[in-house]
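For ligands, and for the atoms within them, numbers begin at 1 and follow the listed sequence.
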Amino acid sequence: MSGTTPEPATVGDQYDPIRLQPSPWDFYARARREEAVFYAPATGAYMVTRYDDVRQVLGAVDTFSMAGVLRVMEVLSDDARAELQKAFPPFTPDEEPGDAARLKAREPIARAFSPERVRAMHTELSATVLALLDALDDQGPGDLMMTVGRPLPIYGKAIALGFRGDDLPALVEGAYALSVLSSAGSALDATTQLHLARMVVPYQTILTGYVAERMARRGTDLISQILTAIADSPDAPGPQAAARTAVETLIALIGAGQSTTTSSFGLGVYQLLTHRDDWKALAADPTLAPAAVEELLRFDSPIQALTRRTTCPVALGGVKLESGTDVMVVFPSANRDEAEFEDGGRLRIDRSPNRHLTFGYGPRSCVGMHLARALLTAAFGELARRHSGLRLAGNDAMTLWPGMHRLVRTLDVEW
Ligand code: HEM
């Protein structure tokens, strides 16, 4: 990091996000009281813990920029990076698409997952969730992440993207592996990184195949719309680079919704099963599900922090930051800030209003939030309805991937 010289900070010196992973909330409550914006040697960034300050950062995209922030793949081992590049090598300088093409490619995505379009997909989305829960019932008690959590986001997006059923298992496996590498990669050993990277290659090959098909013959699906948008951009690249830009866009789209939705499902079920009265209430009345989803997203969010870099000197929470300073907004802290959420440390599945920040805030906030909400609402409501007696299989039923984020690896349940 360049920029502001850190002040000595007691909260910051004690901050160890990896050790806090199982239960970060008490530490952040102390930070909000004592030093709401603190420099952390462990991350090389200023951590932003209060609700209003997090909104200030995420809302001011010109002052708090994503440009120059570390790209996740840079932290992986050489072997894992080489494996990932087998099916999707980096752009060569003359292939590199302009910003306009990349931005244009995102427009149809926002349309495809707008509230109206997600509402219009309601029947298909519900059928998708029911099919996953049927598979769970066939399989019986075991790891809920394997049967429901991991497939949920890809199955949900498959409708808009026009994926064929046969491809879904490999897409689930690859998307999941890539999302773990992206969010937890630096905390994994080199063997695990390579193992996951090998699962990603078939996934990238399948996506490249879909794009090639749609290049040859456009349909009405989202992949075709992405290709059309790229072709219509002011700096439209040639056909080969356009196809690669579309694959890149798909990887980013699927990646953004993968570990987030999967882990929100796992954390949500875990919290409900450890707040038994809420689980029983949901089982008795599945119409509680939409408000419960919001509260579970607030109470236990998978993504712990996002990084931004200041583009000019700025004051934040009483701290003066120079240009070029990294800041990280801390969702699990902002989401329990008592200044915004009364009794913020308590799960209240009927909380209203509930303006949590788990989907981000401002111009860059999550474009998939309506889809995620629809999937989680259907999944929690139907799971509780079918299995009111569901319980965690033992004290260590939930395991997380190593690292700072709360990414659920396994969730063993029985009934
Ligand atoms: C519970 C599940 C989800 C959570 C917690 C979540 C969270 C977020 C957050 C916090 C951001 C803002 C990132 C930033 O400001 O840098 C974001 C962006 C994004 N999300 Fe989600 N997301 C979820 C599900 C999804 C799904 C299902 C999709 C796909 C349909 C999706 C697609 C995206 C995309 C494309 C962006 C990038 C927006 C941009 O950079 O302009 N997300 N998400």
Using the six-membered ring wherever Trp is involved, compare the ring planes of Tyr15 and Tyr28 and label them parallel, tilted or perpendicular (cut-offs 30° and 60°). tilted
What are the two closest heavy atoms between Pro237 and Ala241, and how far apart are they? CB-CB, 3.6 Å
Is ligand 1 under 4.0 Å from a heavy atom in the side chain of Leu306, in the backbone, in both, or in neither? side chain
Identity and separation of the nearest protein heavy atom to atom 12 (C) of ligand 1: Arg364 O, 3.6 Å
Whether Arg32 and Glu338 form a salt bridge (side-chain N of Lys/Arg under 4.0 Å from carboxylate O of Asp/Glu) is what I want to check. no
State plainly whether the residues Asp134 and Arg386 are in salt-bridge range, i.e. N to O under 4.0 Å. yes
Does this structure show an ion pair linking Asp337 with Arg50, if we count only N-O contacts that are shorter than 4.0 Å? no
Closest approach of Met145 to Leu411 (non-hydrogen atoms, all atoms of both residues): CG-N, 3.6 Å
Taking atom 35 (C) of ligand 1 as the reference point, the nearest protein heavy atom with its distance: Val367 CG2, 3.3 Å
Please confirm whether the ring centroid of His356 lies under 6.0 Å from the ring centroid of Tyr361. no
To which of Arg106, Arg308, Met66 does the heavy atom nearest atom 14 (C) of ligand 1 belong? Arg308
So if I count the atoms of ligand 1 from 1 in the order they appear, which ones are less than 4.0 Å from some heavy atom of Gly360? 10 (C)
Is any side-chain N of the basic residue among Arg348 and Glu295 closer than 4.0 Å to the acidic one's carboxylate O? no
Look at atom 27 (C) of ligand 1 and say which protein heavy atom is nearest, naming residue and atom and giving the distance to 0.1 Å. Thr261 OG1, 3.6 Å
I want to confirm something. Looking only at heavy atoms, which of Cys366, Gly362, Gly268 is nearest to atom 42 (N) of ligand 1? Cys366
Heavy-atom nearest neighbour in the protein, as seen from atom 33 (C) of ligand 1, with distance rounded to 0.1 Å: Ala256 CB, 3.3 Å
Give yes if a backbone or side-chain nitrogen or oxygen of Lys157 is under 3.5 Å from a nitrogen or oxygen of ligand 1, and no if not. no
Going by heavy-atom distance to atom 26 (C) of ligand 1, choose the closest among Ser301, Ser259, Ser264, Gly257. Gly257
Between Asp343 and Arg346, is there a salt bridge with N-O shorter than 4.0 Å? yes
Have a look at Leu375, Thr358, Ile303 and point out the one with the heavy atom closest to atom 7 (C) of ligand 1. Thr358
Any idea which atoms of ligand 1 are less than 4.0 Å away from a heavy-atom of Leu371? 30 (C)
Of all the non-hydrogen atoms in the protein, which one sits nearest to atom 23 (C) of ligand 1, and at what distance? Thr260 OG1, 3.4 Å
Closest to atom 29 (C) of ligand 1 by heavy-atom distance, out of Leu222, Leu253, Thr249, is Leu253
